[in-house]
Chemist: 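Below is one structure. I have some questions about it.
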Amino acid sequence: MATSILLINGPNLNLLGTREPGTYGSTTLPQVIEAAEKQCSSKSITFASLQSNHEGVIIDRIHEARGNVDAIVINPGAFTHTSVAIRDALLGVDIPFVEIHISNVHKREAFRHHSYLSDKAEAVICGLGVYGYEAAIEYASRHIKPKEKSQ
Ligand SMILES: O=C(O)[C@]1(O)C[C@H](CCCOc2ccccc2)[C@@H](O)[C@H](O)C1
């Protein structure tokens, strides 16, 4: 199953654990990433991560993943609800991805109820808090198969 996973976190998630603990919890992003690294290491899965507040940086990283990443776990942040460009990048590189949201976006403002990614995701996880990252990686490690290496 997946032997290389890229974790992408979108805008403002660098604030995780420092603001709005009632919505996003008190775990920091570095703590989330450290736990993901350990989870992947325990499964001999290569792990990389990016957090960016900039759409183009996220898109460029998705492009870089083509051919060397088996699965992407992505919390696009607010770009979930706005970014056709990130959708197009994910489809363009043809890498299976799992969409994760810390909060239950369906219990929040109406503008958070639509995602430009969900209909193309292998799985969508939301409302589990930061455990959603662990669940997403577990799912990817079990269910997403590496693609045959193109000649
Ligand atoms: O629930 C999620 O994970 C979201 O992707 C988080 C986004 C917000 C990311 C900002 O995260 C913060 C964390 C702590 C403090 C402030 C913002 C929000 O725009 C989505 O609708 C749902």
Chemist: Which is it for Asp70 and Thr3 under the side-chain hydrogen bond (donor to acceptor under 3.5 Å, both in side chains) test, yes or no, and what are the steps along the way?
Modeler: CA-CA 6 Å; Asp70 296 323; Thr3 60; 2.7 Å; yes
Chemist: Taking everything shown except Arg66 itself, do over 12 heavy atoms lie less than 6.0 Å from its CZ?
Modeler: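 No, not enclosed.
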Chemist: Are the side chain of Asn104 and the backbone of Cys126 linked by a donor-acceptor contact shorter than 3.5 Å?
Modeler: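 Not a single qualifying donor-acceptor pair exists.
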Chemist: What's the verdict on side-chain hydrogen bond (donor to acceptor under 3.5 Å, both in side chains) for Asn53 and Glu55, showing C-alpha distance, side-chain angles and the deciding distance?
Modeler: CA-CA 7 Å; Asn53 299 323; Glu55 188 176 27; over 6 Å; no
Chemist: Could you check whether Lys120 pairs with Glu99 (Lys NZ or Arg NE/NH1/NH2 to Asp/Glu carboxylate O, under 4.0 Å)?
Modeler: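 Answer for the salt bridge query: no.
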Chemist: Examine Ile100 and Leu128 and state if one hydrophobic cluster contains both, with Ile, Leu, Val, Met, Phe, Trp and Tyr joined whenever side-chain heavy atoms are less than 4.5 Å apart.
Modeler: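 Same hydrophobic cluster.
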Chemist: Just so I know, are the side chains of Cys40 and Ile137 near enough to count as touching, which here means a heavy-atom distance under 4.5 Å?
Modeler: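 Sidechains of Ile137 and Cys40: in contact.
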Chemist: Evaluate the criterion side-chain contact (heavy atoms from CB on, under 4.5 Å) for residue pair Ser41 and Phe47; output intermediate values, then yes/no.
Modeler: CA-CA 8 Å; Ser41 177; Phe47 176 80; over 6 Å; no
Chemist: Indicate the atoms forming the closest heavy-atom contact of Pro76 with His101, along with that distance.
Modeler: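 Smallest heavy-atom distance, with atoms named: CD-CE1, 3.9 Å.
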Chemist: Does the side chain of Val130 reach to within under 4.5 Å of the side chain of Val32, using non-hydrogen atoms?
Modeler: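 In contact.
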Chemist: Could you report the tightest heavy-atom contact between Lys107 and His113, atom names first, then the distance?
Modeler: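 Closest approach of Lys107 to His113: N-NE2, 4.5 Å.
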Chemist: Can you name the closest pair of heavy atoms from Ile45 and Ser4 and give their distance?
Modeler: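 Nearest heavy atoms, Ile45 then Ser4: CG2-N, 3.9 Å.
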Chemist: Once you round to the nearest 0.5 Å, how far does CD1 of Ile33 lie from NZ of Lys38?
Modeler: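 Going from CD1 on Ile33 over to NZ on Lys38, the span is 13.5 Å.
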Chemist: Is there a donor-acceptor pair under 3.5 Å between the side chain of Asn75 and the backbone N or O of Asn9?
Modeler: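 Between the backbone of Asn9 and the side chain of Asn75 there is no qualifying donor-acceptor contact (under 3.5 Å).
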Chemist: Where do Val98 and Ala136 come nearest, in terms of heavy atoms and distance?
Modeler: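 Looks like CG1-CB, 3.7 Å.
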Chemist: With heavy-atom distances below 4.5 Å as the criterion, would you say the side chains of Ile58 and Ile8 are in contact?
Modeler: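 In contact.
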Chemist: According to a 4.5 Å side-chain heavy-atom criterion applied to Ile, Leu, Val, Met, Phe, Trp and Tyr, with indirect links allowed, do Leu7 and Tyr131 form part of one hydrophobic cluster?
Modeler: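 Yes; tracing contacts between hydrophobic side chains, which count when under 4.5 Å, links both residues.
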Chemist: Kindly say whether Gly127 contributes a backbone atom to a donor-acceptor pair with the side chain of His106 at under 3.5 angstrom?
Modeler: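 Not at all, since once roles are kept as given, no pair shorter than 3.5 Å links the two residues.
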Chemist: For the atom pair CZ (Arg87) and OG (Ser118), what is the distance rounded to the nearest 0.5 Å?
Modeler: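 If I round to the nearest 0.5 Å, the distance is 9.5 Å.
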Chemist: Classify the angle between the aromatic ring planes of His81 and Phe111 as parallel (below 30°), tilted (30 to 60°) or perpendicular (above 60°).
Modeler: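 His81 and Phe111: perpendicular rings.
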Chemist: Can you tell me which residue among Ile62, Ile74, Val69 is in a side chain to side chain contact (heavy atoms under 4.5 Å, CB included) with Phe97?
Modeler: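 Among Ile62, Ile74, Val69, the one meeting side chain to side chain contact (heavy atoms under 4.5 Å, CB included) with Phe97 is Ile74.
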Chemist: Please determine whether side-chain contact (heavy atoms from CB on, under 4.5 Å) holds for the pair His54 and Asp60, giving the CA-CA distance in whole Å, both sets of side-chain angles, and the decisive distance to 0.1 Å.
Modeler: CA-CA 10 Å; His54 307 283; Asp60 289 346; over 6 Å; no
Chemist: Any idea which heavy atoms bring Ile144 and Glu122 closest together, and the distance?
Modeler: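 In terms of heavy atoms, the two residues are closest at CD1-CG, 4.1 Å.
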Chemist: So Val73 and Leu6, do their side chains get closer than 4.5 Å, heavy atoms only?
Modeler: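 With C-beta onward as the side chain, the pair stays apart.
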Chemist: Rounded to the nearest 0.5 Å, what's the gap from CD on Glu134 to CD1 on Ile125? Could you check?
Modeler: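 Reported to 0.5 Å precision, the distance equals 10.5 Å.
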Chemist: For a 4.5 angstrom cut-off between non-hydrogen side-chain atoms, does Phe79 reach Pro11?
Modeler: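 Yes. Closest side-chain heavy atoms under 4.5 Å.
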Chemist: Does some side-chain heavy atom of Leu90 sit less than 4.5 Å from a side-chain heavy atom of Leu117?
Modeler: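 Side-chain contact under 4.5 Å: yes.
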Chemist: Decide yes or no on side-chain hydrogen bond (donor to acceptor under 3.5 Å, both in side chains) for Ser52 and Arg61, but give the supporting numbers first.
Modeler: CA-CA 10 Å; Ser52 181; Arg61 186 63 184 86; over 6 Å; no
Chemist: Between His114 and Tyr116, does the ring centroid distance fall short of 6.0 Å?
Modeler: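 Yes; Tyr116 has its ring centre under 6.0 Å from that of His114.
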Chemist: Out of curiosity, does Val57 fall in the hydrophobic cluster containing Ile95 (side-chain heavy atoms, cut-off under 4.5 Å, transitive links)?
Modeler: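 Yes: a chain of side-chain contacts under 4.5 Å links Ile95 to Val57.
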Chemist: Would you say the side chain of Gln39 lies within less than 4.5 Å of the side chain of Tyr133, judging by non-hydrogen atoms?
Modeler: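 No, side chains not in contact.
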Chemist: Can you measure from CD1 (Ile5) to OG (Ser49) and round to the nearest 0.5 angstrom?
Modeler: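 Answer for the CD1-OG pair, Ile5 versus Ser49, is 12.0 Å.
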Chemist: State, with a plain yes or no, whether a side-chain heavy atom of Leu16 is found less than 4.5 Å away from one of Ile102.
Modeler: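 They are in contact (side-chain heavy atoms under 4.5 Å apart), so the answer is yes.
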Chemist: Quick check: does any side chain N or O of Ser83 sit under 3.5 Å from a backbone N or O of Thr80, one acting as donor and the other as acceptor?
Modeler: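 Side chain of Ser83 to backbone of Thr80: no pair is present.
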Chemist: With clusters defined by side-chain heavy atoms of hydrophobic residues (ILVMFWY) lying less than 4.5 Å apart, directly or transitively, does Leu13 cluster with Ile72?
Modeler: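 Result: no, two separate clusters.
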